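A note on names: the letters A, B, ... follow the listed sequences, proteins ahead of strands, and every chain is numbered from 1. Since this is a predicted model, take the numbers as computed values, not measurements.
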Number of protein chains: 2
Amino acid sequence: MGEPIGSERLFLTDEQIRQGIEAMYFAYRGLTNEPDQILATLAYGRAHHRAIHFINRAPGTTVTNLLEMLGVTKQSLNRVLRTLIEDGLVESRVGKVDKRERNLYLTEEGVALEARLSDAQRTRMRATYREAGPEAVAGFRRVLEAMMDNELHRKYMSLRETN
Amino acid sequence: MGEPIGSERLFLTDEQIRQGIEAMYFAYRGLTNEPDQILATLAYGRAHHRAIHFINRAPGTTVTNLLEMLGVTKQSLNRVLRTLIEDGLVESRVGKVDKRERNLYLTEEGVALEARLSDAQRTRMRATYREAGPEAVAGFRRVLEAMMDNELHRKYMSLRETN
DNA sequence: CTTGGAGTGTCAACAAGGCTGACTTAATGT
DNA sequence: ACATTAAGTCAGCCTTGTTGACACTCCAAG
């Protein structure tokens, strides 16, 4: 067989692969550190953050839509969503065309919390990008996108079709 | 102020930063997908996976050490560790020099499960790396390492001092 | 116009895996 | 001898995931 097609002679030992996996683990922890601390002071968790993030990203999204993105059950999301609505961070409007649907929006207060949370992450990402340089960033993104399976990649891409 | 020092003219909009954060989220999900499914069939969770991973990585590690790596409480880890020991995946040996310490090792069965879990991840990582190319991989690693804070980076690096 | 099915919300019950606080036991070091 | 450290345990709490069952509203097709 000789050389596998497209291998470009990647000398990747199991050890190197393992290091990549560990790097993902620690980096992900680093990225969620600060938001988690902010959320803890507000009696919210990561689940609330995710909901807020995606509602901010796609204002007017429906519950089913959000369910799809997050990959959790309706009951699980509903619990989180209810507290956010009760606390006045999220507004749920009855759909205009289909009145069964609820369109979700962040309130002013919701936008404020979203900004606070993502500011922490963006500051870190900016510092990270500055330290690693533009080429590294391009590679980083390329690898991450290749790491998603088709379904996740579809979800990921769907977020930038409208914007 | 003009040009920020060290910026190297990185045109990074909030939108691009946000995409990076989202990419991390979806990629991490992709990476944990398969192991989670395997673990679910065995009545184990991600916590068990993490313990197994780090014991495999540093055989003979102490409980305190593991606690440090994982960043959880003793009680939380103990619950997981106990089931792994009861199920014969992990062996806990009294320390030779300090008999208060317990040195943790994977049994044959433990090694087998570790291999099964990391095989799934390594296969994905290999495919990912092949698709993205060597330069992308280097960038990926550089960005992830920059993304960790000092403490996490120390833990991350400690894993390759011995190997 | 009725009826099936889709979108939503909710109740109940359960499990994993975090947490805190309090405590025991054994071994170590001062 | 005594304080400290490593480990383990008990009890209780929270968040966030899960199933299953059910009600309500509304749309669309027969």
To the nearest angstrom, how far is [X] atom [atom1] from [N] atom [atom2]?
X      : N      : atom1 : atom2 : answer
B:K99  : D:dA6  : NZ    : C1'   : 15 Å
B:E101 : C:dT28 : CD    : P     : 10 Å
B:R100 : D:dA6  : CZ    : P     : 6 Å
B:N78  : D:dA11 : CG    : C1'   : 14 Å
B:D98  : D:dT4  : CG    : P     : 17 Å
B:L81  : D:dT9  : CG    : C1'   : 14 Å
B:Q37  : D:dT18 : CD    : P     : 13 Å
B:L39  : C:dA15 : CG    : P     : 19 Å

Let's test your reading of the model: under 3.5 Å, does the base of [N] pair with the side chain of [X] as donor and acceptor?
X      : N      : result
A:K74  : C:dG7  : no
B:R102 : D:dA7  : no
A:Q75  : D:dG20 : yes

SB check [X] [Y] (cutoff 4.0 Å):
X      : Y     : answer
B:E101 : B:R93 : no
B:R82  : B:E86 : no
B:R160 : A:E22 : yes
B:E114 : A:R18 : yes

- Query: Between B:T128 (side chain) and B:R124 (backbone), is there a donor-acceptor pair under 3.5 Å?
  - Reply: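 A pair under 3.5 Å: yes.
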If only side-chain N and O atoms of [X] are considered, is one of them under 4.0 Å from the OP1 or OP2 phosphate oxygen of [N]?
X     : N      : answer
B:H48 : C:dG17 : yes
A:T73 : D:dT18 : yes
A:R79 : D:dT18 : no

- Query: If you check every side-chain atom of A:V63, which of C:dG18, C:dG9, D:dT16 has the closest atom?
  - Reply: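 Looking only at heavy atoms from C-beta outward on A:V63, the closest nucleotide is C:dG9.
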- Task: Quick one: label A:R82 by what it contacts on the DNA or RNA (base, sugar-phosphate, nothing), any heavy atom closer than 4.0 Å.
- Result: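 Sugar-phosphate: the residue A:R82, judged by heavy atoms under 4.0 Å, touches backbone atoms but no base.
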- Report which part of the nucleic acid A:V97 touches: base, sugar-phosphate, or nothing (heavy-atom distance under 4.0 Å, all strands).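 Sugar-phosphate, no base atom in range.
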- Item | Residue whose nearest DNA chain D nucleotide is more 5′ - A:S76 or A:K96 |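 Looking at DNA chain D, the more 5' nearest nucleotide goes with A:S76.
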